[in-house]
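Proteins get letters first, then strands, A, B, ... in listed order; numbering begins at 1 in each.
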Number of protein chains: 2
Amino acid sequence: MARRNDHSREQLRDLAIRSVLNIVDRDENAKVTTRSVAQGMGYTVGTLYLVFRNLDDLLLQVSSELLQRLYSDMRFAVKDEADPQATIFVLAMCYLALAEQYPGRWRLLARGSSTVGDNDELDKVVEAIFTLVETSLARLAPTRNSKEIAIAARALWSAIHGICVVSTSSHLHHRAYFDAKALTRTLIYTYLSGFMFGNIEPLTQPS
Amino acid sequence: MARRNDHSREQLRDLAIRSVLNIVDRDENAKVTTRSVAQGMGYTVGTLYLVFRNLDDLLLQVSSELLQRLYSDMRFAVKDEADPQATIFVLAMCYLALAEQYPGRWRLLARGSSTVGDNDELDKVVEAIFTLVETSLARLAPTRNSKEIAIAARALWSAIHGICVVSTSSHLHHRAYFDAKALTRTLIYTYLSGFMFGNIEPLTQPS
DNA sequence: TAACTTATTAAACATTGTTTAATTTGTCAA
DNA sequence: TTGACAAATTAAACAATGTTTAATAAGTTA
């Protein structure tokens with residue numbers, strides 16, 4: 001059977017990534033297995049190990065790809081003339097849309113990989129997304145310094161991610177107004193209102 | 001070898017749960033495997049299946065147990081005379097302390113189980129924790145109605161959880177002021193300040 | 001003491017990630 | 001053209017896992 005040069009390494013990489021997406025799109029709960037991925041691309045397992053160090057490496061690269069697309073969507077959705085509050089809301093909605101329309105893909109992203117800090121591309125795009133949020137925050141609250149902005153962006157984005165995590169894994173979306181979108185909406189506007197007008201320090205110092 | 005009645009079902013359950021905690025306490029990255037759990041309790045795998053439906057069921061019961069202890073800690077930490085803002089901060093610190101002191105246990109909690117809504121005990125204690133937060137929020141902002149309070153509690157708690165998730169899995173705790181505690185602190189005080197004084201609705205309606 | 005019940009185990013099975021040795025295929029020098 | 005080398009691809013093996021099953025040992029009771 002052994003074909004040769006039917007596909008280049010790059011093409012194999014693409015085939016593999018597409019196969020993974022195919023699997024999780026068909027069934028968000030499906031286990032992504034080396035054999036199923038290989039079968040999806042018309043090869044056998046061995047070929048996978050020619051292109052990726054292991055399964056985790058492959059899934060990490062898929063995550064990186066997904067985040068890059070998300071970043072793309074975000075860039076496209078942002079209108080420079082829009083007010084920063086609305087912009088941040090739109091950014092969050094891009095994220096929620098991914099989780100809602102492609103739950104399998106989102107679970108791939110949310111799954112904490114055992115091999116962290118191993119993928120430079122991924123780190124870079126995460127930073128880029130944070131920068132997007134930071135830019136809007138800076139326009140929203142010009143008096144805050146860059147460290148405050150950086151912290152706020154990470155706190156806010158982690159929070160939105162947390163809402164996604166909890167609302168998909170649980171236990172508490174039996175009421176409509178507890179869904180991810182409603183919670184995110186509340187979170188953003190409440191948080192931003194505090195960020196603009198409130199004092200970041202506690203009114204009374206906690207012990 | 002086969003002993004009989006050395007331990008009751010209840011005792012076996014306890015042994016199993018203790019064994020799991022032992023494993024993740026020794027190494028937060030250790031895989032919890034049926035065989036390792038069984039070995040830790042001085043039995044073989046078969047016995048596990050006498051007490052639990054499967055591994056997931058066991059891990060779910062461990063999570064339930066952990067959440068009940070967390071709830072206990074929270075109840076103990078809350079001082080009725082303290083101001084609500086400080087109380088909410090203390091509640092969050094209980095959660096963060098678990099994640100920091102017992103990262104393995106926390107990962108057990110954070111891991112989204114494939115079998116959800118399958119454990120009534122777990123659902124109950126999650127609700128109880130939310131109620132704790134709601135109580136403080138209600139005292140903080142007496143003008144808000146109960147639906148707003150409920151939403152805020154869930155948004156805020158999901159956010160804290162999200163900070164935990166992101167800060168343990170990543171990528172962005174190379175700077176000290178990005179650690180979970182600092183982010184949580186910022187989040188809570190900013191959010192609460194918005195919740196007390198701000199308008200929940202956007203200042204300008206987003207599209 | 002013998003039969004019966006049941007706790008416990010050992011062994012089997014299927015599925016997985018990963019490695020290895022074999023095979024097929026293309027390339028290129030003689 | 002042919003034959004040897006290199007590389008792509010596979011099939012098969014391996015170890016680790018969750019789960020099931022048949023055997024075995026131990027307590028209980030008539």
Side-chain angles (χ1 to χ4, degrees), chain A residues 1-17 19-20 22-24 26-27 29-63 104 107-108 111-116 118-119, chain B residues 1-17 19-20 22-24 26-27 29-63 104 107-108 111-116 118-119:
Chain A
M1 284 236 209
R3 296 155 296 182
R4 185 172 173 165
N5 280 340
D6 248 23
H7 298 101
S8 69
R9 299 293 167 103
E10 271 308 308
Q11 288 174 318
L12 286 177
R13 201 189 93 103
D14 271 20
L15 277 177
I17 291 179
S19 176
V20 170
N22 227 348
I23 292 169
V24 299
R26 253 207 284 278
D27 171 13
N29 295 116
K31 269 200 76 173
V32 178
T33 184
T34 52
R35 285 171 177 83
S36 62
V37 173
Q39 186 180 21
M41 49 193 293
Y43 279 84
T44 52
V45 263
T47 302
L48 274 179
Y49 286 86
L50 200 70
V51 186
F52 305 96
R53 290 214 313 285
N54 48 39
L55 181 60
D56 210 60
D57 181 30
L58 165 57
L59 296 182
L60 223 50
Q61 294 199 33
V62 174
S63 291
R107 284 169 71 123
L108 232 41
R111 153 209 91 102
S113 96
S114 46
T115 324
V116 277
D118 212 8
N119 190 315
Chain B
M1 283 234 209
R3 297 154 295 180
R4 184 171 171 165
N5 279 341
D6 248 23
H7 298 101
S8 69
R9 298 293 167 103
E10 271 307 308
Q11 288 174 318
L12 286 177
R13 198 189 95 104
D14 270 20
L15 277 177
I17 290 179
S19 176
V20 171
N22 228 350
I23 292 170
V24 298
R26 252 207 285 278
D27 171 12
N29 295 117
K31 269 200 76 174
V32 177
T33 184
T34 52
R35 284 170 178 83
S36 62
V37 173
Q39 185 180 22
M41 49 192 294
Y43 280 83
T44 52
V45 263
T47 303
L48 276 179
Y49 287 85
L50 201 68
V51 185
F52 304 97
R53 289 214 314 284
N54 49 38
L55 180 59
D56 210 60
D57 181 31
L58 165 55
L59 296 182
L60 223 52
Q61 293 199 34
V62 174
S63 291
R107 286 170 69 125
L108 232 42
R111 154 208 91 100
S113 95
S114 45
T115 325
V116 278
D118 211 10
N119 189 316

Show the distances under 3.5 angstrom between N or O atoms of the protein and N or O atoms of nucleotides 13-15 of chain D.
none

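Every residue two or more places apart in sequence or in another chain that forms a salt bridge (Lys or Arg N to Asp or Glu O under 4.0 Å) with A:R13 is listed here: A:E65.
Atom CZ in B:F52 sits about 16 Å away from atom C1' in C:dT8, given to the nearest Å. Rounded to whole Å, atom P of C:dT16 lies 14 Å from atom CG of A:L48. Rounded to whole angstrom, the span from the NE2 atom of A:H7 across to the P atom of D:dT9 amounts to 9 Å. Between A:Y43 atom OH and C:dT25 atom C1' the separation is 13 Å, expressed in whole Å. Taking atom CZ of B:R53 as the reference point, atom C1' of D:dT20 lies 16 Å away to the nearest angstrom. Across the protein-nucleic acid pair, B:L50 atom CG and D:dT20 atom P stand 13 Å apart, rounded to whole Å. The CD-C1' distance, from A:Q39 to C:dT16, rounds to 15 Å in whole Å. Rounded to whole Å, the distance from CG on A:D6 to C1' on C:dT24 is 13 Å.
OP1 or OP2 of C:dG17 has at least one side-chain nitrogen or oxygen of A:T33 nearer than 4.0 Å. Applying the 4.0 Å criterion to OP1 and OP2 of C:dT18, one finds that A:T34 has every side-chain N and O outside that range. Of the side-chain N and O atoms in B:T47, none sit less than 4.0 angstrom from OP1 or OP2 of C:dA7.
Of the possible donor and acceptor atoms, none in the side chain of B:Q39 sits under 3.5 Å from a partner among the backbone N and O of B:S36.
Between atom CD1 of residue B:I17 and atom CG of residue B:L59 there is a gap of 10.0 Å, rounded to the nearest 0.5 Å. To the nearest 0.5 Å, atom CG of residue A:N29 and atom CZ of residue A:R26 are 14.5 Å apart. Atom CZ in A:R111 sits 15.5 Å away from atom CZ in B:R111 (nearest 0.5 Å). With values rounded to the nearest 0.5 angstrom, B:R9 atom CZ is found 14.5 Å from B:D14 atom CG. Distance check, rounded to the nearest 0.5 Å: CD of A:E10 to CG of A:L15 gives 11.0 Å.
Relative to the side chain of A:Y49, the nucleotides C:dT18, C:dT8, C:dA7 differ in distance, and C:dT18 lies closest.
Nearest heavy-atom pair, B:N54 versus B:Y49, reported as atom, atom and distance to 0.1 Å: CA-CE2, 4.0 Å.
A side-chain contact (heavy atoms from CB on, under 4.5 Å) with B:I23 is found for one member of B:L108, B:V37, B:T33 and no other, namely B:V37.
When heavy atoms are screened at a 4.0 angstrom cut-off, A:V37 is found touching no nucleic acid atom at all. The residue A:V51 sits apart from the nucleic acid: no heavy atom pair falls under 4.0 Å.
Taking the C1' atoms of five terminal pairs at each end of the helix from C:dT1-D:dA30 to C:dA30-D:dT1, the two resulting helix axes are inclined by 30°, rounded to 10°.
Residue whose closest nucleotide on DNA chain D sits further toward the 5' end, between A:R9 and A:V45: A:R9.
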- Walk me through it: do B:Y43 and B:L12 pass the test side-chain contact (heavy atoms from CB on, under 4.5 Å)? CA-CA 9 Å; B:Y43 280 83; B:L12 286 177; 3.7 Å; yes

